[in-house]
Amino acid sequence: MIDPKYLRQNAAAVATELARRGFDFDAGAYVELEEQRKKLQVATEALRAERNSSAKSIGQAKAQGKDVAPLLAAVKDLGDRLDAAGIDLSAVLEGIQSIEYGLPNILADRVPTGLDEFDNREERRWGEIPTFEFDARDHVDIGSGLGMLDFDSANKISGSRFTVMHAGLARLQRALIQLMLDTHTADHGYQEVYVPYLVHSAALYGTGQLPKFEDDQFKTNGEVPFYLIPTAEVPVTNIVRDSIIDADRLPLRFVAHTPCFRSEAGSYGRDTRGMIRQHQFEKVELVQMVRPSDSEAALEELTSHAERILQILELPYRVVTLCSGDVGFSAAITYDLEVWLPGQENYREISSCSCFTDFQARRMQARWRNPTTNKPELLHTLNGSGVAAGRALVAVMENYQQSDGSIRIPAALLPYMGGLTAIEPMIGY
RNA sequence: GGAGAGAUGGCUGAGUGGUCGAAAGCGCUCCCCUGCUAAGGGAGUAAGGGUUAAUAGCCCUUCGAGGGUUCGAAUCCCUCUCUCUCCGCCA
């Protein structure tokens, strides 16, 4: 959420800024609503103040044994007036709130202006793009050649956009997850957390998925619904919701491995082949809560932590800064890591590292106590995939494929593979 | 699933209709005193919001959540959620 105070005083400027995202904010209508709010709120609070002071005088008069009848008569219609004012006020407040919850974050200055992913700015590349002495296959061909990537079973069980993986392939994904968790906890100073995969709506409001992206979520149908997490960002970031963190505990750094569930509404035709875009996938997520003055540096650092995983795995990648039209709703700036996929002869997103400034913190009331002011102030939150395990598996499969159809195990994963040095075709299962 | 108890500020915990945003203690901050340390004395110490140039005043809201009664609710009534204890069941 954008600071309502700032929004009020700079509505037109915010509208100009949000236009960079292609977002249409009607500043005039907002300001008009704001003026109504101010009028109504001042009036309502004045009535409440009147009620409070009369109630107090009645109490005092009663204590002194005086006759309170005239005082009671004086406040007779106050309740009705208060009710009426309250109804008007809450209608306006509701309107304002729904606007405010629907506004995306203000972008960082250095976010390049652009329309879509084609306007993203490449920052750097790492690694050698591999060459093959045979026709490189994509992960679907490799996986089914191994007999380990089983979309038939997945389809039977759950339909499209699900995967069943067998034997070495399943283990390889687990090894990737282990490697990531070990690296981030041992080398990068993150604390591992285990979190719920079902969350209530307040958590999704906090990180910004709700109210706007309800359609992207899977939801249970109980009286109080649960949502399946679309990313560990949701439960992990909400750890600090409604709390005030001591300054000496900052920065908080969490790493969590969770499955992620996305309905992929609006992506019906995209990436239908293979396991690039699934309803369920595994991800290791990095989350940080930092002092506002530290967030810019923290994003660079967090991104480097995600990059480190690809470097350890010796997977070629590039880093892009998302352009204004491509940055997600809650983020002020996002770096995507795109890994090279020989099967597609293209770079594909494998990690998204974002700084949310105080946007999520304001929604969550996540604060820290600033020792210089001794006042609670909003934190800055950041997160990034470190990295998406399903896509990392795809990347390893395609980059480490061999002419005989097997997959060589990257050196960094050997300790996690129980002696396997390659994944060889399997017969039956 | 059954039975019972409970939810109050950073923590412990009082408070059954008015002077209660809330006793007391702990913790924390500042000051005083004692030549260190320990002990002692004093003051202060919730959050959100509005108004405003203002983190100066002033005002509103908040005692698990939501509704109700009342001039007035932490306190009375209703609904819900959560926590704890015991029993049952269970990975």
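Residue numbering restarts at 1 for every chain, and letters A, B, ... go by the order of the sequence lines.
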Margin query: When the C1' atoms of B:C30 and B:C20 are compared, how many Å lie between them, rounded to an integer?
Written below: 27 Å
Checklist line | C1'-based separation of B:U34 from B:G40 [nearest Å] | finding: 9 Å
Next item on the list: Give a yes/no on whether any side-chain N or O of A:Arg8 is located under 4.0 angstrom from OP1 or OP2 of B:G50.
Entry: yes
Notebook entry, point to check: If we take the C1' atom in both B:U45 and B:G25, what is their distance in whole Å?
Noted result: 15 Å
Margin query: Tell me whether the side-chain N or O atoms of A:Lys62 pair up with the base of B:G18 as donor and acceptor below 3.5 Å, since no angle test is needed here.
Written below: yes
Notebook entry, point to check: Taking the six-membered ring where the residue is Trp, are the ring centres of A:His257 and A:Tyr194 under 6.0 Å apart?
Noted result: no
Item checked: Opposite nucleotide pairing with B:U45, Watson-Crick or G-U, both atom distances under 3.5 Å -> B:G27
Checklist line | Partner nucleotide of B:U85 by Watson-Crick or wobble geometry (both distances under 3.5 Å) | finding: B:A3
Note to self: I want to check one thing: is the phosphate of B:U52, taken as OP1 and OP2, less than 4.0 Å away from some side-chain N or O of A:Lys38?
What the structure shows: yes
Note to self: Please tell me if A:Arg37 has a side-chain N or O lying less than 4.0 Å from either OP1 or OP2 of B:U51.
What the structure shows: yes
Margin query: Whether A:Asn52 contacts B:G18 is assessed here as follows: a side-chain N or O lying under 4.0 Å from the phosphate OP1 or OP2. Is that the case?
Written below: no
Notebook entry, point to check: Rounding to the closest angstrom, what is the interatomic distance between B:G15 and B:G6 at atom P?
Noted result: 12 Å
Checklist line | For A:Val111, the option from A:Ile333, A:Leu322, A:Thr334 that meets side chain to side chain contact (heavy atoms under 4.5 Å, CB included) | finding: A:Ile333
Next item on the list: Write down the distance separating the P atoms in B:G1 and B:U75, rounded off to the nearest Å.
Entry: 29 Å
Margin query: Would you measure the distance from the P atom in B:U85 across to the matching atom in B:G13 and give it in whole Å?
Written below: 15 Å
